[in-house]
Amino acid sequence: MEDKYGRNVEEKWQKWWADNGTYKFQDADLIKPVYSIDTPPPFTSGDLHMGHVLSYSYFDFAARYKRMRGFNVYYPQGWDCQGFPTEVKVEQKYGRKPPEEFRKLCQEWTVACIDKMKSQMIQMGFSPDWRYEYRTMSPEYHKKVQYSLLKMHEKELVFRGKHPVFWCTKCMSALAKSDTEEAPRQSTLNHLIFTSAKGDVIIATSRPELLHACVAVLFHPEDKRYAKFANEAVTTPLGKQVKMIPDRDVDPTFGTGALMVCTFGDKMDVVWMYRYNLPIIEAFTQDGKVINGPEYLNGLKAEDAKKKIIETLQAEGKVVKIEPLSQVVKVHDRCKRPVELMLSSQWFCKIKGKSDEIIAGAKAMRWVPDFAISHLIDWATTVEWDWVISRQRVFGTPLPFRHCPQCNKDYPADYSELPFNPAVAQEKKCPDCNEILVPEKSTCDCWVDSSITPLVIAGWPDDEERFKRLYPVSLRPQGVEIVRTWAFYTIYRSLALTGKPPFKELLLNGNVLAPDGKKMSKSLGNIIAPDQLIEKYYTDSVRQWAALSGAMAKDRPFSYQDLTYSKSFLNKLWNASKFIGTAITGYVPDESHKAGLELPDKWILSRLQSLTTQVTEDFENYEFHHATKAIHQFFWNELCDYYLEYVKYRIYRDDVPKESALAARYTLHMALLASIKLLAPVMPHATEEIYSIFAESVGDGSRRSIHHAAWPVADAKMSDAAAEKKLVLINEVVSQVRQFKSANKLALNAELASLAITAPEDISEGKAALAACTGAKAVSFAQGDLSVKIKN
RNA sequence: GGGCCUGUAGUGGAAUGGUUAACACGUCUGCCUUACACGCAGAAGACUCGGAGUUCGAUCCUCCGCGGGCCCACCA
């Protein structure tokens, strides 16, 4: 055992574990039960953040615990490579490039990011089997994603259709919702006159320039003002007839309580369009100019069109009033221009109508904590339309389809063509018209990639043997905030592709907030970098912090206090272990040594049994916080603070009976060995090093890792309620003596003339320990309520 | 607007339908006692957000209010 604990110790074992394949999944072992983990592939930003540290620590604890419980742990690690942020960074660095070249640059960039993050993971002592690393940008991964899409296409769950998407008319690009932000602006609410046989209807709109795309007028079903118009036709100021439809989502208090649905002014229009199967009118071109409108509007930009149409309608007497309106609009986060909804040809995955089976699948799995499933149920029950899976991006998985421009039909790629890449795909012709088919250039939404991770890690679809062994996976750990995406899509796709729910258990973690309770963000400058913490506090402290944070599906502020404490405990563990290590040097444990067990020995061994039971139960429930706390309490406040003081004389002095000396060593051996095993999942480095104290009892000299040692099992025979009861009294006596010395400004090792103890139980068995621990030259006992008379 | 979570000493946070509500950091007082000063022994510090209810009894259960967090929807 090294003299001092530090980064050198941690690095030494990290290397040793890698060299010895400590965390390898035992492919050939078909007997051990398998425990598989579908770990989150982090987005390859290049940096592990505190949220990663927390959540990855969490399931690393689970993996290590299960390994010690005799499971064959399958713990792969993947990388979610493809995404807009990478494209942005690569473009910033290299400028715009042709697609294939750009994709290569993105890949190189990503590889560098992965290298960095991987080394951070190793520093954190995470224990995946790196042989099973996967990258969503690799050809093999693309192949599996595309295979999954072809399969779902065969089941008609994947299809192409026209769908409104967020669109930036300045950048001429489709946007994901995450590319948008909100901006307040001053606008106007315009009250326009619609006419009908039953009278006029005044509707209020902030976007009169969309009037030509008006396809319906809606009002609230209980709004008496409009009840008589239900399902009647009204005429827009442009002379078009549309229907009046009652709808529960209309706010009768806003404007006039009647609104026009335009395809598309905002997202709600899209909802209504689907709800009532309304026609779609393209209102703008891709560069934001009016189309399909009245002559005087066509070709104008939205802002100009708005002015123009208001002027015109006012002149025609069709405007009742114009009032100011402050509103919040979605803008493109990069150019700050308002975003439009544009009809566009996209690929979809059928989701609508699938809620019941997804919820049923979710309910078939254990959610920890259980309330987290509500996030999924809420989401599943409010799905309004199908999942748009295509993105007009470069760095992504290509959709494996071709399109006939003539017949307007889609053709899936052949399985033999996978991985399909439109840039190099062979030319194919339309079976109907012989026209050359156009390979799809869009790429997949990144959730398409990541929603098959439990399948991919289990060898799907080629390796049936492995798949049977590894699927469904035992554990899916993930953040609550992506239940609606990662968990939702994964459950759905896994069910669709295999008919079976993908996990047995889900473990949900929350996020790490900055010490001020706010979200960590670059703009607030409150980010805490894990690397610096490791440098200063060491990995095993950071891991303890993660355990103590206990953020089960809840957000927790980062706390330096917990980290400081964790480091203190690490130090305590280290020093106590050094002491015990010296005490038991050359000691070979033997059951016969139990014959000499004394009262304090029986006590601490009894406490150890209940601790073992408690900690085991906590680990089963992923209550790492509780488990860690319990071990700390035992080790520090019972073993170190009392027990070690009771036995020291049996270690140091030569005049103690041999039986007593052996029993003390037996107890120390047992207590330390069990303690470090219980701590091993959380503090893998320190416990591994301390484990070397026990090297000789391991046998042949070839070093075995503590992480393959058997998890302790409580032994009921070692439980001793009587001893525990007596030690409560003895500890109390010691405490009183310590108070006496403190009050009298005596050194704690000062000798005392005598102790006269009155206790409700016969605790005279502890006389020697008491005398040694308190420095009392004489100790006497009497029966009665607890009291201590001290003479110095 | 909807959903979920949450409100406990200066700070971070346990726990419990019932005696003095953990523990840690910080603070204060002693002590460098042959594992550890990243330590040891003590001490101070909490009307457990406010209100109502259930109960013999609530910090814990219910409701209302106020506050915080996260997610989602919407702003015609």
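Order of the sequence lines fixes the chain letters, A, B, ..., with proteins taken first and strands second; residue numbering starts at 1 for each chain. Basis for what follows: all heavy atoms, side chains included, without hydrogens, waters or symmetry-related copies.
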How far does the [atom1] atom of [N] sit from the matching atom of [M], given to the nearest Å?
{"N": "B:rC75", "M": "B:rA22", "atom1": "C1'", "answer": "48 Å"}
{"N": "B:rC63", "M": "B:rA46", "atom1": "C1'", "answer": "26 Å"}
{"N": "B:rC40", "M": "B:rU33", "atom1": "C1'", "answer": "8 Å"}
{"N": "B:rG2", "M": "B:rC64", "atom1": "P", "answer": "12 Å"}
{"N": "B:rA43", "M": "B:rG7", "atom1": "C1'", "answer": "29 Å"}
{"N": "B:rG45", "M": "B:rC36", "atom1": "C1'", "answer": "28 Å"}
{"N": "B:rA24", "M": "B:rC38", "atom1": "C1'", "answer": "14 Å"}
{"N": "B:rG10", "M": "B:rC28", "atom1": "C1'", "answer": "14 Å"}

Residue matched to [N] through Watson-Crick or wobble contacts both under 3.5 angstrom:
{"N": "B:rA46", "result": "none"}
{"N": "B:rC4", "result": "B:rG69"}
{"N": "B:rG57", "result": "none"}
{"N": "B:rA22", "result": "none"}
{"N": "B:rA37", "result": "none"}
{"N": "B:rC32", "result": "none"}

Practice problem: Report yes if a side-chain nitrogen or oxygen of A:Thr582 is closer than 4.0 Å to either non-bridging phosphate oxygen (OP1 or OP2) of B:rU34; otherwise report no. | Solution: no
- OP1 or OP2 of B:rA73 less than 4.0 angstrom from a side-chain nitrogen or oxygen of A:Arg484, does that happen here?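 Checking B:rA73 against A:Arg484, no side-chain N or O comes under 4.0 Å of OP1 or OP2.
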A:Trp367 side chain vs A:Ala362 backbone, donor-acceptor pair below 3.5 Å: yes
Rounded interatomic separation in angstrom, taking [atom1] from [X] and [atom2] from [N]:
{"X": "A:Asn637", "N": "B:rC23", "atom1": "CG", "atom2": "C1'", "value": "9 Å"}
{"X": "A:Glu481", "N": "B:rC5", "atom1": "CD", "atom2": "P", "value": "17 Å"}
{"X": "A:Phe254", "N": "B:rG1", "atom1": "CZ", "atom2": "C1'", "value": "14 Å"}
{"X": "A:Asp247", "N": "B:rC75", "atom1": "CG", "atom2": "P", "value": "13 Å"}
{"X": "A:Arg556", "N": "B:rC70", "atom1": "CZ", "atom2": "P", "value": "16 Å"}
{"X": "A:Leu376", "N": "B:rC4", "atom1": "CG", "atom2": "P", "value": "15 Å"}
{"X": "A:Gln739", "N": "B:rG30", "atom1": "CD", "atom2": "P", "value": "17 Å"}
{"X": "A:Trp545", "N": "B:rG13", "atom1": "CH2", "atom2": "C1'", "value": "14 Å"}

Check whether NZ of the Lys or CZ of the Arg A:Lys243 lies under 6.0 Å from the centre of the six-membered ring of A:Phe229 and within 45 degrees of that ring's axis.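 Not satisfied by the 6.0 Å and 45° rule.
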Checklist line | Cation-pi check, A:Arg738 onto A:Tyr642 ring (under 6.0 Å, within 45° of axis) | finding: yes
Check: [X]/[Y] side-chain N/O donor and acceptor closer than 3.5 Å:
{"X": "A:Glu481", "Y": "A:His375", "answer": "no"}
{"X": "A:Asp601", "Y": "A:Tyr646", "answer": "no"}
{"X": "A:Ser206", "Y": "A:Lys306", "answer": "no"}

Please determine if A:Lys330 and A:Glu340 form a salt bridge, counting it only when a charged side-chain N lies under 4.0 Å from a carboxylate O.
no
Margin query: Looking at A:Asp3 and A:Lys578, is there a salt bridge between them, counting it only when a charged N and a carboxylate O are closer than 4.0 Å?
Written below: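 Judged by the 4.0 Å cut-off on N to carboxylate O distance, A:Lys578 and A:Asp3 do form a salt bridge.
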Which protein N or O atoms sit under 3.5 Å from an N or O of nucleotides 25-29 of chain B?
none

In A:His685, A:Lys567, A:Glu689, A:Glu10, the residue satisfying side chain to side chain donor-acceptor pair (under 3.5 Å) with A:Tyr5 is A:Glu10
In numerical order, the residues of residues 208-222 of chain A whose heavy atoms come under 4.0 Å of RNA chain B are none
Indicate, yes or no, whether a donor-acceptor pair under 3.5 Å links the base of B:rC36 to the side chain of A:Lys572. yes
- request: Could you tell me which residues satisfy side chain to side chain donor-acceptor pair (under 3.5 Å) with A:Tyr565, sequence neighbours excluded, listed by chain and number?
  value: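 In terms of side chain to side chain donor-acceptor pair (under 3.5 Å), with neighbours along the sequence ignored, A:Tyr565 is linked to A:His632.
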